[in-house]
Amino acid sequence: MNIKSKLMISYLLLIIFSVSVLGVLVGNKSRNAVFKEITEKSERVSELINTTVSVRNNLLLEKVYSELYYVEKLMANSGDIIIDNNKQIQVGDFIVPSMYIGERKLSLTSTMVDDIKQSTGAIASIFLLKDDKLIRVSTNVTTKDGKKAIGTFINSNSHVYKKIVNAESYYDSNLVEGDWFITGYKPLLDKNKKVIGAIALGYKALNKYLEKTLSDIKIGQTGYVYIMNSKGDVLVHPNITGQNIGDFDFSKKMFKNNHGVIEYKFNGVCKLAAYKYFEPWDWYIVTTANYDDLKSSSKSILNMTLLTVLIILVLASILALFLANTLVKPINKLKRCMEIASSGDLTVHCDIKSKDEIGILASSFNHMIKENKRLMEEKEQYDKLKTEFIANMSHELRTPLNIIFSAVQLSALNINSNPKAFANKKMNQHLTIIKQNCYRLLRLVNNIIDITKIDSGFMELNLQKANIVEVIENITLSTAEYVESKSRNLIFDTDIEEKIMNFDLEKMERIMLNLISNATKFTKPGDTIEVSIYDKEEFILISVKDNGVGISQDNLKQIFERFKQIGPLLSRTHEGSGIGLSLVKSLVQMHDGKISVKSKYGEGTEFIIELPVKPILQEDTPESPNELPQQTNVEKIQIEFSDIYN
């Protein structure tokens, strides 16, 4: 079975499995989502109705307050309220005195309360205080049987009664003859400021507009809103308004918890309801939906899911075939490129441009081929460099040997021709030449040995506690005689006289002698070499600067590369192996320091060493001697400066 067939079968199996699982999950998820949505919607509707009713309650209370104030002023303008005990009248079950306002009779007549209703729209009642009761003597409130509620009363246990007898107003929702009203009560006073009764205004909590609004709310297809009180009386319902459902278990659960979500069965229909209790009106606001509606929605979603699954399977088969071809084609292309590369041809390039794993693999393959090609080129360059280095070494070794051999031949010739005249002056000159070139050979061998030690990890620092300023100054001054003998000016400067730190004195000597030697080599008679030290607290800067020939920008990039020399072998104006500055950089890095170079061709060069100030070691750390060994002033200088001839 080839890879294309394997991919096709894998795709189809994966798609069938995924879609099947997805269908089951979507079916369950859709059912849960529908239930959750209906539940949340029911809760939101209940909360919204509760908020609406609360706002209506507050607005009506404000309206009652303002209109009761208006009625109070109206009555005050109509005259004093008088109780005529000489004219007793029958009001319901009570015999009470007549009540007047000015000349206008209030008892057993609805003229005043009807005028109030016409002007404010509010239901009104006038009460007479008698026998610890507030008796309605005039009202347009009706009882359940449709009669006016004259003769009904508020007893002394009521909050309203307690407020009125204390000459205080009362504003709140109140149950009046079986209906909830938003009411306001104000005491009526005689001319002696004695409470003799009360005037009351009210608006029915559930009016026909609110009832219609609640009846019009639908939850799903058959869901609705209904209102009942704490006794189970249904106040608003599409079908059973006026009935009592307080004995049902679901009603008892609502009475117990006041708000929440409940599942119950009513008249054989399973329902899901959210409810919330509005205490000021003693209302339970219930939003309910039938389970059948919820199940039908879930079934519709499931059927749609199954149809979608079938369509996906057909499309997925076509897509699987396309993807298999798409994957196999670049794989085969990459395979051909690998076969070419394995034959040794590193010029091959795989031009797959996709951003998927195959594209990344192709990019990695191209990178690998490019890297192998680079390594091959580097190996060739390294072999070329080794060849050049061997040529340099041959030249460097041959030159001093030729000079030594020539000096020996001349010495022998002069001795044979004129022994006495040659004995002193000529012999000293030739010995000097021989000695200088021996130093050149020794310097070359020392550098090669040190580079080898550094590469193999055998060179270690011998840290000593010393004043680095004094050490560098001594090294610089020890070279002054030689530098000045070459007609160069040598200047030492420092911004600090003492800086005690740990460093390797011998390695520092090698670094400074090499840099001063380079500066001398690349300057002309009359040029200046400056050695400067700058204290930067946590590190110290050492600068070796000259105003000599300088270095071009192209050569500046490879100045620290091993075996690299500026200028071709046969046309150089100075001698050198190309190891010195590479060795200096390695020695500086062993001190955890950095070395950099600034140069401009024809104007001069500056080497800058940045050394961190090493913390002082324990007491057993050996201190450096006050003076460097005598070899620094003589032999080491001659070794480091041995390739300078002018």
Side-chain angles (χ1 to χ4, degrees), residues 53-83 91-94 96-97 99-101 106-107 110 112-113 115-117 119-143 148-206 229-230 278-283:
V53 170
S54 179
V55 170
R56 173 176 167 78
N57 182 70
N58 294 334
L59 291 174
L60 289 178
L61 280 174
E62 291 180 4
K63 184 174 177 65
V64 166
Y65 180 86
S66 62
E67 290 177 352
L68 195 56
Y69 178 79
Y70 161 75
V71 170
E72 184 182 30
K73 293 297 182 182
L74 180 65
M75 294 181 72
N77 293 332
S78 299
D80 295 330
I81 299 174
I82 302 169
I83 301 297
V91 178
D93 297 332
F94 303 97
V96 297
M99 179 182 285
Y100 296 86
I101 181 168
L106 296 177
S107 303
S110 61
M112 174 65 76
V113 294
D115 290 344
I116 293 173
K117 183 177 181 180
S119 59
T120 64
I123 301 296
S125 294
I126 298 174
F127 295 86
L128 175 67
L129 179 61
K130 182 176 175 60
D131 298 332
D132 296 331
K133 296 179 180 64
L134 286 171
I135 303 169
R136 281 189 180 86
V137 296
S138 178
T139 184
N140 42 30
V141 175
T142 57
T143 60
K148 289 189 177 181
I150 292 177
T152 58
F153 61 90
I154 300 173
N155 61 38
S156 60
N157 294 326
S158 170
H159 292 294
V160 176
Y161 179 88
K162 293 176 181 179
K163 286 282 188 178
I164 294 300
V165 296
N166 288 320
E168 297 178 3
S169 300
Y170 175 88
Y171 298 94
D172 204 350
S173 54
N174 208 21
L175 190 62
V176 179
E177 296 301 316
D179 290 322
W180 281 96
F181 283 81
I182 290 79
T183 59
Y185 295 79
K186 270 188 172 291
L188 295 178
L189 308 177
D190 61 12
K191 60 183 179 180
N192 296 321
K193 303 300 180 183
K194 180 182 176 183
V195 177
I196 57 176
I199 177 72
L201 296 183
Y203 290 93
K204 201 171 183 178
L206 179 62
N229 60 24
S230 58
F278 185 66
E279 186 176 359
W281 295 1
D282 188 31
W283 277 13

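Index from 1, following the sequence.
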Check: [Y] main-chain N/O paired with [X] side-chain donor or acceptor under 3.5 Å:
X      : Y      : result
Asp131 : Lys133 : no
Asn155 : Asn157 : yes
Trp180 : Trp281 : yes
Asn57  : Val53  : no
Asn140 : Val113 : yes
Thr139 : Ala124 : yes
Thr183 : Gly202 : no

Let me confirm one number: the [atom1]-[atom2] distance from [X] to [Y], rounded to the nearest 0.5 Å.
X      : Y      : atom1 : atom2 : value
Ile123 : Thr142 : CD1   : OG1   : 7.5 Å
Ile126 : Ser110 : CD1   : OG    : 10.0 Å
Leu188 : Asp80  : CG    : CG    : 12.0 Å
Glu67  : Leu74  : CD    : CG    : 12.5 Å
Ile164 : Leu129 : CD1   : CG    : 9.5 Å
Lys63  : Arg56  : NZ    : CZ    : 10.5 Å

In sequence, state the C-alpha distance, the side-chain angles, and the governing distance for Lys73 and Tyr70, and then conclude on side-chain contact (heavy atoms from CB on, under 4.5 Å). CA-CA 5 Å; Lys73 293 297 182 182; Tyr70 161 75; 5.8 Å; no
Which heavy atom of [X] sits nearest to which heavy atom of [Y], and what is that distance?
X      : Y      : answer
Ile83  : Pro97  : CG2-CG, 3.5 Å
Ile116 : Thr120 : O-OG1, 2.7 Å
Phe153 : Ile135 : CB-CA, 4.0 Å
Leu206 : Trp283 : CB-CZ2, 3.6 Å
Val64  : Gly184 : CG1-N, 3.3 Å

Can you label the angle between the Phe127 ring and the Tyr185 ring as parallel, tilted or perpendicular, going by 30° and 60°?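 Rings of Phe127 and Tyr185: tilted, as their planes differ by 30° to 60°.
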Would you find more than 12 non-hydrogen atoms of other residues, nucleotides or ligands less than 6.0 Å from Lys130 atom NZ?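 Yes.
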Is atom CG of Asp93 surrounded by more than 12 heavy atoms (other residues, nucleotides or ligands) closer than 6.0 Å?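 Incorrect, the count does not exceed 12.
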Are side-chain heavy atoms of [X] and [Y] found at a separation under 4.5 Å?
X      : Y      : value
Ser138 : Ser107 : no
Ile196 : Leu189 : no
Glu62  : Tyr65  : no
Val71  : Ser119 : no
Val141 : Asp179 : no
Asn229 : Asp282 : yes

Given the rule in the side-chain contact (heavy atoms from CB on, under 4.5 Å) test, do Asn174 and Phe181 qualify, once you have shown the distances and angles that lead to the verdict? CA-CA 5 Å; Asn174 208 21; Phe181 283 81; 5.6 Å; no
Verdict with supporting geometry, Leu61 and Ile182, side-chain contact (heavy atoms from CB on, under 4.5 Å): CA-CA 6 Å; Leu61 280 174; Ile182 290 79; 3.4 Å; yes
Criterion side-chain contact (heavy atoms from CB on, under 4.5 Å) on Met75 and Lys186, from CA distance to verdict: CA-CA 12 Å; Met75 294 181 72; Lys186 270 188 172 291; over 6 Å; no
